[in-house]
Trainee: 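Okay, here's the structure, questions in a sec.
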Amino acid sequence: MKPKLLLYLLVFAFTACHQVDPPQPYGALPSVAQLAWHEMEYFSLVCYGLNTYTEEEWAYGDVDPGLFNPSDLNTDQWAQTASEAGMKGLILVAKHHDGFCLWPSQYTDYSVKATPWKNGAGDVLGDLAQSCKKYGLKLGVYLSPWDRNHAEYGRPEYVNYYYRQLEELLTSYGDIFEFWIDGANGGTGYYGGANERRNIDAKNYYGYDSIFSIVEKYQPNAVIFSDIGPGTRWVGNEDGIGGETNWNTISPGDKVPGVSDSEYVKKLSTGEEGGAKWIPAEVNTTLLWPKAWYYHTGQPVRSLGNLMDLYYTSVGRGSPLNLGLAIAPSGLVRKADRRALLKFGEQVKREFDSNLLEQARIKADNDRGTKFNSGLIADKNNETYWATSDGVNSATLEFDFGKPTVFNRLLLQEYIALGQRVDSFSLEIEKDGKFVEIAHGTTIGYKRLLRFDEVSTQKARLKLSTKAPCLMLSNAGIYHAPALVPDPLPEVDLQGNLSFASTDGISIYYALGEDPDSADFKKYTPPLAIPEGGKLHCFAQDDKTGFRTEVITQEFGVARKNWKVISVDGQIPQESKLAIDNDTKSFLISEEEKSKHPHEIVIDMARPTNISAFSYLARQDGEKEGIIYEYEFLCSADGSNWNLMASGTFSNIENNPNRRIVRFDEKVTARYLKMRSLSDVRQSGKASWAEVEVFAD
């Protein structure tokens with residue numbers, strides 16, 4: 001045998017004998033569709049319809065479709081904005097709870113067919129499908145199971161109607177990446193003119209198994225969203241906050257959307273280690289702030305700093321960010337919204353522009369073999385990964401930058417195609433010859449991002465642990481992100497004194513009023529009293545660089561120093577002051593012995609006051625008992641003769657318990673206030689108040 005051939009065979013035999021197998025899958029695994037969904041990271045639920053023109057979150061179902069007549073509806077503008085901002089998809093609310101359809105459904109006249117827009121020949125969903133293709137975005141749809149317009153809602157005929165509409169959507173507009181469904185089920189509505197309350201058996205009425213089967217039949221690559229999945233789960237809040245511990249697995253059992261018990265809801269943000277199914281969390285909230293899904297006149301957008309916070313509490317905790325986008329009555333994304341989205345996208349790019357590990361020497365205390373070596377975590381390839389040998393469930397990766405290096409961000413990604421494994425990690429830097437911890441966390445999953453104060457070191461090391469047979473990491477990054485000027489955080493106490501959290505080298509500028517000019521802004525110097533409250537506009541500016549935040553707008557009520565709760569349900573409970581104490585964490589709840597509605601709180605403002613609105617803040621402790629749904633608000637000059645100033649419902653307040661401001665049709669001078677609770681979101685029979693405020697004219 002020739003020497004070269006012999007050598008070749010010996011090398012081949014040696015390599016074959018020492019070939020290392022990849023790690024075995026661990027636990028529940030994602031589907032191909034779920035993997036693609038994870039990689040999208042950022043998309044939007046697009047909210048548009050009759051609600052846009054009535055400025056309601058949950059319309060009653062009786063709004064005239066003739067109101068829908070946008071002057072400049074342009075879905076290309078929506079898609080272009082989303083694409084340039086870094087989004088990967090748009091999910092259209094094709095039908096919300098009011099039943100109005102943004103496509104010309106053959107099964108109802110309550111749709112764009114009945115509008116003057118394009119003489120009834122328009123199709124918003126069809127236009128958006130084409131725009132998404134044009135700008136490289138994926139398309140998703142939301143089809144509310146609750147329909148406050150349909151005459152047969154609550155009966156079997158409506159369920160068949162819903163199934164037919166679902167098939168219509170899924171077979172007419174191309175590929176769908178996500179089907180959105182939520183748990184808002186039953187209640188008051190128009191219902192074809194019946195104008196009544198219709199309650200349903202939410203667990204069995206819709207036949208969720210049939211709904212999911214229809215989606216899987218026509219759109220096998222679509223991920224289904226709800227609080228129980230089966231494709232992706234709601235994170236349990238609408239605040240844009242994922243759990244710091246976030247397992248992609250969970251065991252929903254036989255639960256169905258909208259009827260989960262409170263203990264399960266608490267698990268939505270964290271998931272369950274070793275859960276039976278891969279149902280990752282999706283984090284959703286709104287671009288508008290205070291939170292609103294649909295357009296509201298003058299509603300400001302989130303600041304850049306706030307949006308970056310959302311990024312780190314969603315994408316940075318392993319969950320895609322679904323940022324709700326409210327289309328304006330014109331049919332366009334507002335200029336302010338577009339500007340905020342583009343700045344957000346630019347800032348994300350800046351923060352992760354240069355991975356310092358690409359130039360560092362990386363060494364692990366255990367490698368599975370050459371094919372799974374530690375250098376693969378910085379090769380920009382999601383399909384390669386470092387892994388330890390079986391039986392090694394704790395390991396350390398050391399990074400040597402070759403010189404002192406400044407950084408303040410950490411990025412980690414697991415190779416989740418084979419399961420989620422890491423249950424704890426920490427980052428250390430060498431300082432004075434010793435390694436000291438600067439950051440730590442629990443789960444990683446698809447992606448984990450940590451922010452910390454700037455550090456400088458030549459060497460750093462990452463420690464990881466797992467209960468799985470081995471560790472795996474597909475990507476790691478260390479970055480030096482540019483500093484952002486912190487947003488101004490205004491606070492007003494019970495006396496009406498305005499203050500801001502102070503930061504060295506940062507000045508605050510403010511203006512009061514409805515729509516101030518730039519010349520109206522003044523530099524804040526304490527003390528400053530605004531006893532009558534009002535709209536405050538403010539921004540922060542770096543004294544050295546001149547960089548400034550966007551203008552943040554917040555509305556404050558009249559000072560409540562001398563307010564007194566006269567009675568709650570005819571009594572004066574010791575805790576009554578909790579409803580007006582300026583502490584959002586405390587709250588008043590109705591007494592146990594009177595566990596039925598109506599409940600009412602009566603307040604003496606101590607002096608006649610001109611008011612034009614009131615606000616209600618629900619309890620903020622995460623529990624739902626007593627959160628008011630139907631309300632009445634009355635005013636009186638003498639405490640005996642009362643005028644009803646406002647009544648209605650706080651739509652979506654169960655999932656979005658932020659402060660609700662309700663404007664009166666006319667201003668009133670009053671000394672006494674009365675707020676009645678006619679029902680609560682969980683039908684517990686109780687009522688609770690965290691804060692009650694009024695606003696001057």
Side-chain angles (χ1 to χ4, degrees), residues 44-79 81 90-132 139-153 158 161-162 164-174 176 180 184 189-195 288 292-297 299 324-334 337 651:
S44 177
L45 186 71
V46 181
C47 299
Y48 183 51
L50 291 178
N51 291 5
T52 304
Y53 299 92
T54 60
E55 300 196 14
E56 295 176 287
E57 292 290 283
W58 288 7
Y60 189 68
D62 62 345
V63 177
D64 182 358
L67 284 178
F68 188 88
N69 192 21
S71 59
D72 194 21
L73 197 160
N74 186 343
T75 56
D76 271 5
Q77 190 246 9
W78 309 358
T81 297
L90 294 175
I91 304 170
L92 181 67
V93 179
K95 185 192 81 168
H96 200 240
H97 311 323
D98 64 340
F100 179 74
C101 300
L102 287 177
W103 81 101
S105 175
Q106 62 178 305
Y107 302 111
T108 181
D109 291 329
Y110 200 55
S111 75
V112 286
K113 291 189 299 186
T115 72
W117 176 61
K118 292 189 175 181
N119 296 317
D123 185 345
V124 179
L125 181 56
D127 290 349
L128 184 58
Q130 294 301 316
S131 296
C132 284
L139 177 69
V141 292
Y142 167 111
L143 186 70
S144 172
W146 186 19
D147 192 321
R148 303 176 87 180
N149 173 265
H150 202 281
E152 300 301 321
Y153 181 79
Y158 171 75
Y161 163 79
Y162 184 85
R164 292 196 301 270
Q165 278 202 325
L166 180 57
E167 291 176 345
E168 188 177 43
L169 282 183
L170 299 179
T171 58
S172 303
Y173 296 99
I176 301 297
W180 232 74
Y190 178 68
Y191 303 129
N195 293 306
L288 298 183
W293 293 98
Y294 283 89
Y295 171 88
H296 295 271
T297 302
Q299 191 92 350
L325 182 59
I327 303 301
S330 64
L332 297 173
V333 177
R334 294 187 311 172
D337 297 21
S651 62

Trainee: Testing the basics here: between L50 and P65, what is the closest heavy-atom pair and its distance to 0.1 Å?
Mentor: CD2-CA, 3.9 Å

Trainee: Are E55 and Y294 side-chain neighbours, meaning at least one heavy-atom pair lies under 4.5 Å?
Mentor: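 When only atoms from C-beta onward are counted, Y294 and E55 do not touch, as no gap falls below 4.5 Å.
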
Trainee: Considering non-hydrogen atoms only, spot the tightest contact between S105 and S111 and give its length.
Mentor: N-OG, 4.2 Å

Trainee: Can you give me the closest heavy-atom contact between Y191 and D147, atom names plus distance?
Mentor: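 Where Y191 meets D147 most closely, the heavy atoms are CE2-O, 3.3 Å.
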
Trainee: Any chance you could lay out the side-chain contact (heavy atoms from CB on, under 4.5 Å) test for Y53 and N51, step after step, and finish with the verdict?
Mentor: CA-CA 5 Å; Y53 299 92; N51 291 5; over 6 Å; no

Trainee: Determine yes or no for a side-chain-to-main-chain donor-acceptor pair under 3.5 angstrom, with K118 supplying the side chain and D123 the backbone.
Mentor: no

Trainee: Could you check whether any side-chain N or O of W78 sits under 3.5 Å from a backbone N or O of G331, counting only pairs where one atom can act as donor and the other as acceptor?
Mentor: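 Here the side-chain-to-backbone pair exists.
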
Trainee: Check whether Y142 reaches the backbone of A94 with its side chain - one donor and one acceptor, N or O, closer than 3.5 Å.
Mentor: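 No; judged by distance alone, with no hydrogens or angles, the pair does not exist.
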
Trainee: Return yes if some donor-acceptor pair links the side-chain N/O of Q165 with the main-chain N/O of Y107 below 3.5 Å, else return no.
Mentor: no

Trainee: With a 4.5 Å limit on heavy-atom distance, are the side chains of L332 and I327 in contact?
Mentor: no

Trainee: When you look at L92 and L102, which way does the side-chain contact (heavy atoms from CB on, under 4.5 Å) test go after all the steps?
Mentor: CA-CA 9 Å; L92 181 67; L102 287 177; 4.0 Å; yes

Trainee: Taking N119 for its side chain and A121 for its backbone only, find out whether a donor-acceptor pair lies under 3.5 Å.
Mentor: no

Trainee: Tell me whether S172 contacts the main-chain N or O of L169 through its side chain, where contact means a donor paired with an acceptor under 3.5 Å.
Mentor: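 Side chain of S172 to backbone of L169: no pair is present.
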
Trainee: Identify the heavy atoms of G99 and N149 that sit nearest to each other, and give their distance.
Mentor: CA-CB, 4.4 Å

Trainee: Using a 4.5 Å cut-off on heavy atoms from C-beta on, say whether the side chain of V141 contacts that of W103.
Mentor: no

Trainee: With a 4.5 Å heavy-atom cut-off, do I91 and V46 have their side chains touching?
Mentor: no

Trainee: I need the minimum non-hydrogen distance between P70 and L73, along with the two atoms involved.
Mentor: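 Residues P70 and L73, closest heavy atoms: CG-CD1, 3.6 Å.
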
Trainee: Evaluate side-chain contact (heavy atoms from CB on, under 4.5 Å) for E152 paired with Y161, printing each intermediate quantity in order.
Mentor: CA-CA 9 Å; E152 300 301 321; Y161 163 79; over 6 Å; no

Trainee: Carefully, step by step, assess R148 and W58 under the rule side-chain contact (heavy atoms from CB on, under 4.5 Å).
Mentor: CA-CA 9 Å; R148 303 176 87 180; W58 288 7; 3.9 Å; yes

Trainee: Treating Y162 as the side-chain partner and L143 as the backbone partner, does any N or O pair qualify as donor plus acceptor under 3.5 Å?
Mentor: yes

Trainee: What is the distance from atom OG1 of T108 to atom CZ of R164, rounded to the nearest 0.5 Å?
Mentor: 11.0 Å

Trainee: For S131 and D76, which heavy atoms make the closest approach, and how far apart are they?
Mentor: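 Heavy-atom minimum between the residues: OG-OD1, 2.6 Å.
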
Trainee: Decide yes or no for Y110 and H150: does some side-chain heavy atom of the first lie under 4.5 Å from some side-chain heavy atom of the second?
Mentor: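 No. Closest side-chain heavy atoms not under 4.5 Å.
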
Trainee: Quick check against the 3.5 Å criterion: does D127 have a side-chain atom that pairs as donor or acceptor with the backbone of L125?
Mentor: no

Trainee: About how many Å separate CH2 of W146 and NZ of K95, when rounded to the nearest 0.5 Å?
Mentor: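 CH2 of W146 is found 11.5 Å from NZ of K95.
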
Trainee: Please examine the side chains of Y48 and L128, heavy atoms only from C-beta on, and report whether any two atoms are closer than 4.5 Å.
Mentor: no

Trainee: Are side-chain heavy atoms of Y190 and N195 found at a separation under 4.5 Å?
Mentor: yes

Trainee: Does D109 CG have over 12 foreign heavy atoms under 6.0 Å away?
Mentor: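 Not more than 12 within 6.0 Å, no.
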
Trainee: Give a yes or no answer on whether the side chain of E57 reaches the backbone of W293 with a donor-acceptor pair at less than 3.5 Å.
Mentor: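 Judged by distance alone, yes, a pair lies under 3.5 Å.
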
Trainee: Say whether, by atom type as modelled, one donor and one acceptor occur between the side chain of Y158 and the main chain of P145 under 3.5 angstrom.
Mentor: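 Indeed, once roles are kept as given, a pair shorter than 3.5 Å links the two residues.
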
Trainee: Would you mind reporting whether D337 and L288 have side-chain heavy atoms less than 4.5 Å apart?
Mentor: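 SC-SC contact between L288 and D337 confirmed.
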
